[in-house]
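Index from 1, following the sequence.
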Amino acid sequence: MTILSPPTDRVALEKAVWRTLAYADLFDFPLTAAEIHRYLEGTAAAPAAVDEILAGSRFLRQRLDRRGPHYFLAGRETIVSRRAACERAAGRLWPAARRYGRLMAALPFVRLIAVTGSLAVSSVDDGGDLDYFVVTVPDRLWLCRALIIGLVRLAAVRGVPLCPNYLVSERALALPERNLYAARELAQMVPLAGLPAYDRLRRANGWTDHFVPNAAGPPPAAAAAGDPARRLRELVERPLRGGLGARLERWERARKIGRFTAQAGPDEGGEARFAADWCKGHFGAHQQRILQAFYDKVGTTAY
């Protein structure tokens, strides 16, 4: 039997639901009750409590609308049809995302491949990039990235826009960004291969519980992230574990870090970062813009 929360907790839950939908609104994306629960911002609650507050809150009735299973901010009903179009586009993109993700996972020194960005939540238009988060072994991140980029170029010939834009080594699983945007990206990512590394990544970033306390583990839609290419990958890795691999790694790392740092310039707000254990190719200060737009919408400058 579900016990109603005390009045103060009820107010916190109402505001959390509203803020969760306000964040989704920045992406023109309505949410189901289950999605509101998983990504509920800053407040732990049972699914039944979220269902109850959605059904019975006067505060939310004044601020939200519903069409079918989808909730959204009042006056924003047009985004329901947009979500339907995005889901159709995502259905067309996911087969390629999974296929190329498995190929990446078979490359030397890869330990996790996960889909991130708009495709991870099926909020993508046709022609959108297929974004990936990659975990590699230490001291081979840049060599691993070079091999992945070879696959990216092959895919581009077929018109498939792969974008492996965030790589970290197993030595750097605790991410430096600790805000709502980063927490949502981690909670939304869909692991395709390397579930043990995914589990370590989530444990190393337990701070996400402060922002999305209900979003434990991978999203419900994530398939089993097996590793069928492990033996082949280990065989290919052997000749690159020693001096040859170390020299190639140092050469590629020095070459690319200098180029990417110059490309990032002074106005990225620290979002694009390059070092031995990470390659974060997030240009354009997208994270900062989203967070500022969210805080402007909900009327605060801090969580």
What's the spacing between [X] [atom1] and [Y] [atom2] if we round to 0.5 Å?
X	Y	atom1	atom2	answer
E177	L291	CD	CG	11.0 Å
I53	L13	CD1	CG	4.5 Å
N165	T116	CG	OG1	5.5 Å
E185	L180	CD	CG	10.0 Å
F59	E14	CZ	CD	6.5 Å
K280	L167	NZ	CG	12.5 Å

Using side-chain heavy atoms (C-beta onward) and a distance below 4.5 Å, is [X] in contact with [Y]?
X	Y	answer
F133	L201	yes
E170	V135	yes
V124	L93	yes

Test log, rule side chain to side chain contact (heavy atoms under 4.5 Å, CB included), inputs I148 and V152: CA-CA 6 Å; I148 290 174; V152 169; 4.3 Å; yes
Salt-bridge criterion met for [X] and [Y] (N-O under 4.0 Å):
X	Y	result
D25	K297	yes
D28	R76	yes
R38	E35	no

Decide if atom NZ of K15 counts as having more than 12 heavy atoms of other residues, nucleotides or ligands within a radius under 6.0 Å. no
State whether the number of non-hydrogen atoms from other residues, nucleotides or ligands found under 6.0 Å of R92 atom CZ is greater than 12. yes
Would you verify whether the NZ or CZ of [X] falls within 45 degrees of the ring axis of [Y] while also being under 6.0 Å from that six-membered ring's centre?
X	Y	answer
R253	W251	no
R184	Y39	yes
R98	W94	yes

Distance-only donor-acceptor check, side chains R202 and Y198, under 3.5 Å: yes
Examine the side chains of E87 and S122 and answer whether a donor and an acceptor come within less than 3.5 Å of each other.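 There is no such pair (donor and acceptor under 3.5 Å, judged by atom type) between the side chains of E87 and S122.
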Ring geometry between F211 and W207 (parallel below 30°, tilted from 30 to 60°, perpendicular above 60°):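 Perpendicular, since the angle between the ring planes exceeds 60°.
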If the plane angle is over 60° it's perpendicular, under 30° parallel, otherwise tilted; pick one for F274 and W142. tilted
Please step through side chain to side chain contact (heavy atoms under 4.5 Å, CB included) for the pair F27 and V121, ending with a clear verdict. CA-CA 11 Å; F27 303 91; V121 289; over 6 Å; no
Please step through side chain to side chain contact (heavy atoms under 4.5 Å, CB included) for the pair Y132 and L162, ending with a clear verdict. CA-CA 8 Å; Y132 295 91; L162 307 183; 3.9 Å; yes
Smallest separation among heavy atoms of [X] and [Y], with atom names:
X	Y	result
H70	P30	CB-CB, 3.9 Å
V236	P239	O-CD, 3.2 Å
R273	P176	NH1-CG, 3.2 Å
G75	D65	N-OD2, 3.4 Å

Which is it for V80 and F72 under the side chain to side chain contact (heavy atoms under 4.5 Å, CB included) test, yes or no, and what are the steps along the way? CA-CA 8 Å; V80 176; F72 46 90; 3.5 Å; yes
Trace of the salt bridge (Lys or Arg N to Asp or Glu O under 4.0 Å) decision for E41 with R19: CA-CA 7 Å; E41 198 242 347; R19 288 165 67 93; 2.6 Å; yes
Flag yes if V212 and Y181 sit in one hydrophobic cluster, no otherwise; membership is Ile, Leu, Val, Met, Phe, Trp, Tyr, and two members link when side-chain heavy atoms are under 4.5 Å apart. no
same_hphob_cluster(I79, L119) at 4.5 Å side-chain heavy-atom cutoff: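 No: no chain of side-chain contacts under 4.5 Å links I79 to L119.
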Less than 3.5 Å apart, which donor and acceptor atoms pair up between the side chains of residues 103-114 and the rest of the protein, not counting sequence neighbours?
from: R111; atom 1: NH1; to: E237; atom 2: OE2; distance (Å): 3.0
from: R111; atom 1: NH2; to: E237; atom 2: OE1; distance (Å): 3.3
from: R111; atom 1: NH2; to: E237; atom 2: OE2; distance (Å): 3.3

Under 3.5 Å, is there a donor-acceptor pair between the side chain of E249 and the main chain of L143? yes
